[in-house]
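Below: the structure, in structure tokens.
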There are 2 protein chains.
Amino acid sequence: MPSGQVVGGYHHGDLGNALLEAAGRVLVEKGPSGLSLRAVARAAGVSHAAPYRHFRDKAALLRALSQAGFERLGTAISAVVVAKPYGPEQKLIEASVAYVEFSVQYPEITQLMFAGTLEPLEQVAAYELLLAIIREGVEQGSFRERPPQELALVAWTSMHGLAMLAVAGLLAVDGDDERSLQELVRAVARNVIYGIVK
Amino acid sequence: MPSGQVVGGYHHGDLGNALLEAAGRVLVEKGPSGLSLRAVARAAGVSHAAPYRHFRDKAALLRALSQAGFERLGTAISAVVVAKPYGPEQKLIEASVAYVEFSVQYPEITQLMFAGTLEPLEQVAAYELLLAIIREGVEQGSFRERPPQELALVAWTSMHGLAMLAVAGLLAVDGDDERSLQELVRAVARNVIYGIVK
DNA sequence: ACCTGAACACCGTTCAAGT
DNA sequence: ACCTGAACACCGTTCAAGT
């Protein structure tokens, strides 16, 4: 890249990232309805017109925030499955727990990530991790001999549904404590695996 | 009910329902970002303050719209499973297809339904239908002997995840035609059933 | 009882103007 | 090059006033 990256710019290094961080703070503090471009600009200490030098419009800021969320989700799942001494079945369970816990921990970001029209599933890092686990299971003979994409979709679909229901508050986990949610996720994941293994 | 229902009121019968219908039209025509209370009032032909006689605030209108969506979803699923000569497995597949097709057909309503914090799953009519199918399968011995709530959650979770991914455009069904989406739903549903039957 | 119009404090976006 | 301030067309909500 010939145009390099000029560090400095103006304020906290560069305003682009400062705005993204400010947007994250505003989102958790004021909720999605309070996430106005003007509020983000205020939180970053600039005028309400300044963000337009860094994002074409509000939607562009939201997309960038959503993309950062996908990256963090991928990191969270990597952390519990990559280079772990688990078999594919256990990895699938741990990935499911991490997925749902991420969603519950960052409900606003999660809603944002899956609200707009996004890139196809193949470009989501977390999906690639899941697919790798499935391939491992199929290759070593413990999973059914079906196209890995098909088994991966079954598993992803279930994880994603559970996460979205949890975020929407439809799950009625008693007293929304974290233990019972984890138990629920593990129970569903075990059932999904039952349908995936030979 | 002593207070009966007074038909007439003002305009199209009663403004409350007229506003709900107008909101539905605005939502599909202008998208979620165009769904302002003032736009709804304009579409219904009243002043921007009139809706406040019928809904406490904008959130109340949105909740009513969401509730109407849940009712229509329940109706759509009923239509394909109630009083049909299918076994529980086939009913599960047909219900899944109806669920996802409803979501894809009304993406904005679907987003709305599962965006806010709602009633717990037990109060969603469509979930009761699913649970009845599961109970039927367990009782007649074709489904595994597990708590029906657990199996129902596995199935619901998968249907819901598929629906949400489809709505978000993450599914990359070739040319978003309806046939390939239905095939995808059936493939996932068959895999889920594989994990539910004995 | 039900609706209107003006008013207030917000928005997103644009654009001339400043340094 | 980057940011500001005013301006415009919108919002949600409230409230006195009309019929």
Side-chain angles (χ1 to χ4, degrees), chain A residues 1-27 29-66 108 111-112 115-116, chain B residues 1-27 29-66 108 111-112 115-116:
Chain A
M1 305 87 171
S3 64
Q5 60 256 55
V6 184
V7 184
Y10 162 69
H11 208 63
H12 331 67
D14 71 315
L15 187 52
N17 286 327
L19 286 168
L20 272 180
E21 283 169 28
R25 288 199 307 272
V26 171
L27 187 54
E29 282 166 20
K30 316 262 183 177
S33 68
L35 184 61
S36 70
L37 209 44
R38 292 171 97 114
V40 171
R42 276 194 300 271
V46 293
S47 84
H48 63 263
Y52 287 88
R53 294 293 128 189
H54 300 268
F55 300 97
R56 188 154 39 89
D57 53 18
K58 186 184 179 181
L61 208 198
L62 263 34
R63 273 196 301 274
L65 202 56
S66 160
E108 302 90 355
Q111 300 250 30
L112 195 66
Chain B
M1 305 88 167
S3 65
Q5 60 255 51
V6 185
V7 184
Y10 162 71
H11 210 63
H12 332 66
D14 71 315
L15 187 51
N17 286 328
L19 285 168
L20 273 180
E21 283 170 28
R25 288 199 306 272
V26 172
L27 187 56
E29 282 167 18
K30 315 262 183 176
S33 68
L35 185 61
S36 71
L37 209 44
R38 292 171 97 113
V40 171
R42 275 193 301 270
V46 292
S47 85
H48 62 262
Y52 287 88
R53 296 290 129 190
H54 300 268
F55 299 98
R56 187 152 43 86
D57 53 17
K58 186 184 179 182
L61 207 198
L62 262 34
R63 272 195 302 274
L65 202 57
S66 161
E108 303 90 355
Q111 301 250 27
L112 195 65

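Naming convention: chains lettered A, B, ... in sequence-line order (proteins, then strands); numbering from 1 in each chain. Nothing here was measured: the structure is a model prediction, and the numbers come from that model.
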Give the minimum heavy-atom separation between [X] and [Y], together with the two atoms involved.
X       : Y        : answer
B:Leu27 : B:Glu108 : CG-CB, 3.5 Å
A:Gly24 : A:Leu65  : N-CD1, 4.1 Å
B:Phe55 : B:Ala64  : CE2-CB, 4.0 Å
A:Leu15 : A:His54  : CB-NE2, 3.5 Å
A:Ala41 : A:Pro51  : CB-CG, 3.9 Å
A:Ala43 : A:Val26  : CB-CG2, 3.8 Å

B:His54 has an atom NE2; how far is it from atom P of C:dC2, in whole Å?
7 Å

Let me know the distance between CZ of A:Phe55 and P of C:dG12, rounded to the nearest Å.
14 Å

Once rounded to the nearest 0.5 Å, what's the spacing between atom CD of B:Gln111 and atom CD of A:Gln111?
9.0 Å

Working to the nearest 0.5 angstrom, can you tell me the gap between A:Ser36 OG and A:His48 NE2?
11.5 Å

Quiz: residues 16-23 of chain B side-chain donor-acceptor pairs under 3.5 angstrom, not counting sequence neighbours:
unit_1  : atom_1 : unit_2  : atom_2 : d
B:Asn17 : ND2    : B:Asp14 : OD1    : 3.4

Please enumerate all residues that pass side chain to side chain contact (heavy atoms under 4.5 Å, CB included) together with B:Ala59, with sequence neighbours excluded.
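Checked B:Ala59 against side chain to side chain contact (heavy atoms under 4.5 Å, CB included); matches are B:Asp57, B:Arg63.
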
What residues in residues 33-42 of chain B put a non-hydrogen atom under 4.0 Å from any atom of DNA chain D?
B:Ser36, B:Leu37, B:Arg38, B:Arg42

Symbol by symbol from the 5' end, with Watson-Crick or G-U pairs under 3.5 Å, [ ] crossing and | another strand, DNA chain D is ||.|||||...|||||.||

Which letter, B, S or -, goes with each nucleotide of nucleotides 14-19 of chain C from 5' to 3', with contact meaning a protein heavy atom under 4.0 Å?
BB----

